[in-house]
Amino acid sequence: MPEQSYDHKSIEPKWSARWAADPTLFAPEENSSKPKFYVLEMLPYPSGALHIGHIRNYSIGDALARFKWMRGFNVLHPMGWDAFGLPAENAAIKNKREPAEWTHYNIEQMKRQHRRMGFSYDWAREVSTCEPEYYKWNQWFFIRMFEKGLAYRKAALLNWCRECATVLANEQVVDGCCWRHEDIPVEQKELTQWFIKITAYADELLRDIEKLQGGWPDRVLAMQTNWIGRSEGTEVDFTMDGTGEKVRVFTTRVDTIYGATCVILAPEHELVKKYVSGDNAAAVKAMIDARATQAPGEAEKVGIFTGLHAINPYNGEKVPVWVANFVLTGYGTGAIMAVPAHDERDFEFCTKYGIPIRAVIRPDDGSTAELPFCDYGVVANSGEWTGLASADARKKMSAHAAANGFGEASITFRIKDWGISRQRYWGTPIPMIHCNACGVVPVPDSQLPVLLPADVELSGKGQSPLAGSASFVNVPCPKCAEPARRETDTMDTFVDSSWYFYRYCDAQNSDAPFDPKKIAYWFPIDQYIGGVEHAILHLIYSRFWTKMMRDIGLITNDEPAARLFTQGMVIKGGAKMSKNKGNVISADSMMDDFGADTGRLFELFAAPPERDLDWTTDGAMGAYRFIGRVFRFVTRSIDRFDTPGIPGDADRKVLRKLHQTIQRITDDFESRWHFNTSIAAFMEFVNELYAQESELTGATLREVSEKTVLLLAPFTPYLCEELWEMMGLAGPVFKQPWPVFDPELAKEDGAEVIFQVNGKLRGKATVAFGTAKDALEQLALSDEKVKPFVEGKAIVKVIVVPDKLVNVVVK
RNA sequence: GCCCGGGUGGCGAAAUCGGCAGACGCAACGGACUUAAAAUCCGUUUUUCCGCAAGGAGAGUGCGGGUUCAAUUCCCGCCCCGGGCACCA
């Protein structure tokens, strides 16, 4: 077989077709004795077109999956579609195509592209979240949560995007704007909606972050910690002067309460509705309206004095009660005590309105602090508490409130319950029925799934599209059989992605979401891979869902994924790829030009995986050239495999480099995940092959050719499968054992020791490993290059690190 | 403002435990092969200075300091870039 030139267009379709024809090829073994490994990439939204940004995520996961197979694991590597969502609905309105039809077409396109890329998915486990077989279980889970009080309905101020014509979860609001429409400010609307009580798990979600440390990026854990926002403090009742009503405030700094010079209510506070009237009521209304459209944090602080006073239970002082726009209604009790001397916001507000400022905390060092002084210190001017340290005072003063019945220690979380109602069509119908007599009644399990009706007009405006379908809405009450109405909102699509990875373990199950035994085998996910943009949305919902499923007795694991990896973005010309900028490169055109293997290899090589990666055509050409170099070497070596010969220096050098490369790539996979350095090491190895090629014996050529193919198999599977077959070996390559590192073969002949004088490199020598320190010192001092720098100077000391260096310190 | 990342040649980057800074690749340049080009193969490429040359000397990892025989790596203080959070009481 003479040298052949590499042509991806003939190789890749051939193997792609073979792989597609064998549905068991990438399936894990049943009842396997091998250790299991579950590798998962976040499932995509089926937009219809894979681009080179998507394939980075999958290339990393696929390299890992193939490596783990070669390392003898039973690998689960599934893929599916996050198939509900607004784009399908918008496309339906625009193109007059059914959302289902549009979505199915896109899934087909994207699946074809995935197959063309050669990713090793077990397609028998494919999950599409828009199928009734899947969303039935969303409904089933919802009812379970309803039964446990974890799903409930309430009227609340909600984030509303007029462009999406639906409400958004708090997690979907970015910089005060919609996550899908970065220039549309989110408005506040009061609506009655379904909520999932994620706050019931706030403490555990926070606590278990500890279990994820080491396995999840610190950045993601920090973001989740902030998002959950646990804060320890005290709730204290101030008594309204005159009426005797209580106003409860939340503070983390009860030690400063003697410095409270007013109480401030959020504009939506109950007492404001009750007691503020006339001009003031209009001003409060204006405040609420302004807040509905204004990005938070940018508004100037404004307030109105209510005319009321409240009594501080600690010192009996009567302070004015204000309403102000900077007090949040949804956090704590919706009311605060203002301590302007020790809080920047209170300081700003009270200064503006001439409210007194009284210092009650002194710095630890006894100095006089400039106000506002917001650190901990020593309590002053505070009656019996004077002289205590802040931390101590917080505890004692909290206990005092509890003992006297006007308050208690309290823990407040920033995270709020997850509002999941969406006034849109293309999502999971919420399986609830509204009956005039019985109230809200869940759809009986036997009637699930509640199917999305087909006879719905989509306008993209106004209220829930499902409300327009009479056949959908009108239903007898499951309890009393009287006419009743179905809930017409659908679920947030983040419900779909909160548990899809469990369904992969048992995707065809029609009796249950999954068989718990299968979950017990596969979970937790050993490696989850996806974009950091999901750090608080998907990843916090998924953690919650896992805990919820555990508590209804379905599973036993506390967390979904043991390890998480967040890869960097692929950018083009310094900018994120986007349709607007017109710099999107489709996976198809990339594969036409370079092939799937080249695309993978370049993306894994050009930067470490967690960092952003700049796609360049020149760089991709380099990867293509390299693949050609490997291809030519192996194909022209095959004829020489049986040529006899006595191994010499060249053979030894090449085998040494081979084993050094095996070690580096194996280590990179097992610990660092820096595939860029794996591939660089591999390139060095190939350069050595080229340098020594003509001297090599047939046996060595065979050995290095085979090992080359095995080592490269996780990165360029098409190339390797082809070469493996050309060498006459039985495939598939990714089920062959990974090459074993032999430290003896990898060992260098001797240690290269460098000679320094005053830390500067002056000479070097190769010595036997383990050469004694004083021998090394003598060698250095007698080195011709070292001598001139030492002569005539006093040697202060000599540092010798065996096998590494000698540093002569002179004066 | 707070919390994470990051800053190294013309470019992407490497240096895994404090021990030769710039591996590997791109681009550029030179050579071989070729009638020619492409492809391929080989080589040069941080920078300044001295030298006709072989070669030699110095500087250099955002800036300033420190620890050390030795710092891209550890410590302190700053600057810049990217991301997250941001009236959360």
Side-chain angles (χ1 to χ4, degrees), chain A residues 3 5 174-176 217-227 229-231 233 249-253 256 264 295-301 324-328 330-339 342-346 348-349 374 412-416 532-533 535-536 568-569 602 605-608 610-623 625-626 628-629 632 664 667-668 671-672 674 676-687 690-691 752-764 785 788 796-801 804-810:
Chain A
E3 169 183 314
S5 64
V174 177
D175 288 335
D218 288 341
R219 182 160 62 130
V220 171
L221 297 180
M223 282 163 77
Q224 293 209 354
T225 302
N226 288 337
W227 188 260
R230 184 179 194 273
S231 144
V249 303
F250 173 73
T251 176
T252 55
R253 292 296 303 274
T256 66
I264 310 176
E298 283 169 17
E300 201 201 339
K301 290 180 176 53
N325 64 341
F326 73 98
V327 176
L328 301 173
Y331 182 77
T333 61
I336 63 161
M337 62 176 199
V339 183
H342 305 297
D343 182 283
E344 292 200 18
R345 295 151 305 179
D346 297 347
E348 188 191 330
F349 182 79
C374 305
T412 298
F413 291 93
R414 206 187 85 104
I415 191 172
K416 298 198 188 92
V532 73
E533 65 273 17
I536 46 183
M569 282 188 306
F602 174 68
F605 172 66
E610 71 277 6
R611 224 183 285 182
D612 286 351
L613 166 99
D614 209 338
W615 176 275
T616 63
T617 306
D618 284 337
M621 274 308 300
R625 265 199 296 273
F626 175 72
R629 223 166 130 78
R632 284 188 303 276
R664 284 185 62 182
D667 284 355
D668 277 344
S671 58
R672 289 205 318 161
H674 277 198
N676 55 327
T677 57
S678 300
I679 294 165
F682 194 83
M683 288 171 168
E684 284 185 57
F685 169 55
V686 172
N687 290 344
Y690 268 69
E752 193 179 46
V753 174
I754 60 164
F755 301 147
Q756 296 178 330
V757 179
N758 285 348
K760 286 205 174 100
L761 177 69
R762 297 302 179 191
K764 51 178 88 172
K785 297 216 168 120
V796 179
K797 65 171 153 177
V798 182
I799 313 282
V800 183
V801 182
K804 282 225 165 126
L805 96 167
V806 179
N807 187 12
V808 185
V809 185
V810 298

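Order of the sequence lines fixes the chain letters, A, B, ..., with proteins taken first and strands second; residue numbering starts at 1 for each chain.
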Tell me, please, whether A:F326 has A:K301 positioned over its six-membered ring: NZ or CZ under 6.0 Å from the ring centre and within 45 degrees of its axis?
-> yes

Rounded distance (Å) that lies between atom C1' of B:C87 and atom CZ of A:F326 = 7 Å

For B:G19, does OP1 or OP2 lie under 4.0 Å from any side-chain N or O of A:K804?
-> no

Name the nucleic acid region contacted by A:K764, choosing base, sugar-phosphate or nothing; use a 4.0 angstrom heavy-atom cut-off, strictly under.
-> base

Roughly how many Å is it from CZ in A:R230 to P in B:C85, rounded to a whole number?
-> 22 Å

Can B:C17 be described as syn, meaning its chi torsion is within 90° of 0, or is it anti?
-> syn

Toward the 5' end of RNA chain B, which comes first, A:D667 or A:I799, by nearest nucleotide?
-> A:D667

What distance, rounded to whole Å, do you find between the two P atoms, one in B:U68 and one in B:A54?
-> 41 Å

What's the verdict on side chain to side chain donor-acceptor pair (under 3.5 Å) for A:R414 and A:N226, showing C-alpha distance, side-chain angles and the deciding distance?
-> CA-CA 8 Å; A:R414 206 187 85 104; A:N226 288 337; over 6 Å; no

Is the base of B:G56 syn or anti, if syn means a glycosidic angle within 90° of 0?
-> anti

OP1 or OP2 of B:C42 less than 4.0 angstrom from a side-chain nitrogen or oxygen of A:Y690, does that happen here?
-> no

Residue whose closest nucleotide on RNA chain B lies nearer the 5' end, A:E348 versus A:R611 | A:R611

Counterpart base for B:G5, defined by Watson-Crick or G-U wobble contacts under 3.5 Å | B:C81

Remember a base hit wins even if backbone is also touched, and classify A:V801 as base, sugar-phosphate or nothing at under 4.0 Å, heavy atoms.
-> base

Consider only side-chain N and O atoms of A:T225 and A:R230, and report whether a donor and an acceptor are under 3.5 Å apart.
-> no

Is A:E610 touching bases, backbone alone, or none of the nucleic acid, heavy atoms closer than 4.0 Å?
-> nothing

Heavy-atom count around A:E533 CD within 6.0 Å, excluding the residue itself: above 12?
-> yes

Would you indicate what A:P608 reaches in the nucleic acid, counting non-hydrogen atoms under 4.0 angstrom: base, sugar-phosphate, or nothing?
-> sugar-phosphate

Of the candidate nucleotides B:C85, B:A89, B:A70, which contains the atom at the shortest distance from the side chain of A:I536?
-> B:C85

Pair A:R672-A:S678, side chain to side chain donor-acceptor pair (under 3.5 Å): steps then yes or no = CA-CA 10 Å; A:R672 289 205 318 161; A:S678 300; over 6 Å; no

When we call it a touch if two heavy atoms are under 4.0 Å apart, what does A:V327 touch: a base, just sugar-phosphate, or nothing?
-> base

Polar atom pairs (N or O), protein with nucleotides 21-27 of chain B, under 3.5 Å:
{"residue": "B:A23", "atom": "O2'", "partner": "A:E684", "partner atom": "OE2", "Å": "3.0"}
{"residue": "B:G25", "atom": "OP1", "partner": "A:N687", "partner atom": "ND2", "Å": "3.3"}
{"residue": "B:C26", "atom": "OP1", "partner": "A:R625", "partner atom": "NE", "Å": "3.3"}
{"residue": "B:C26", "atom": "OP1", "partner": "A:R625", "partner atom": "NH2", "Å": "2.8"}
{"residue": "B:A27", "atom": "OP2", "partner": "A:R625", "partner atom": "NH2", "Å": "3.3"}

Grab the CG-C1' distance between A:N226 and B:G83 for me, whole Å please.
-> 13 Å

Side chain of A:R672: nearest nucleotide among B:C41, B:U16, B:C20?
-> B:U16

Atom CG of A:L805 and atom C1' of B:A71: how far apart are they, to the nearest Å?
-> 14 Å

Ignoring hydrogens and geometry, is there a side-chain-to-backbone donor-acceptor pair from A:N807 to A:F755 under 3.5 Å?
-> no

CG (A:D218) with more than 12 external heavy atoms under 6.0 Å | no

Quick one: label A:R414 by what it contacts on the DNA or RNA (base, sugar-phosphate, nothing), any heavy atom closer than 4.0 Å.
-> base

Nearest heavy-atom contact between A:H674 and A:D668 is O-OD2, 3.3 Å

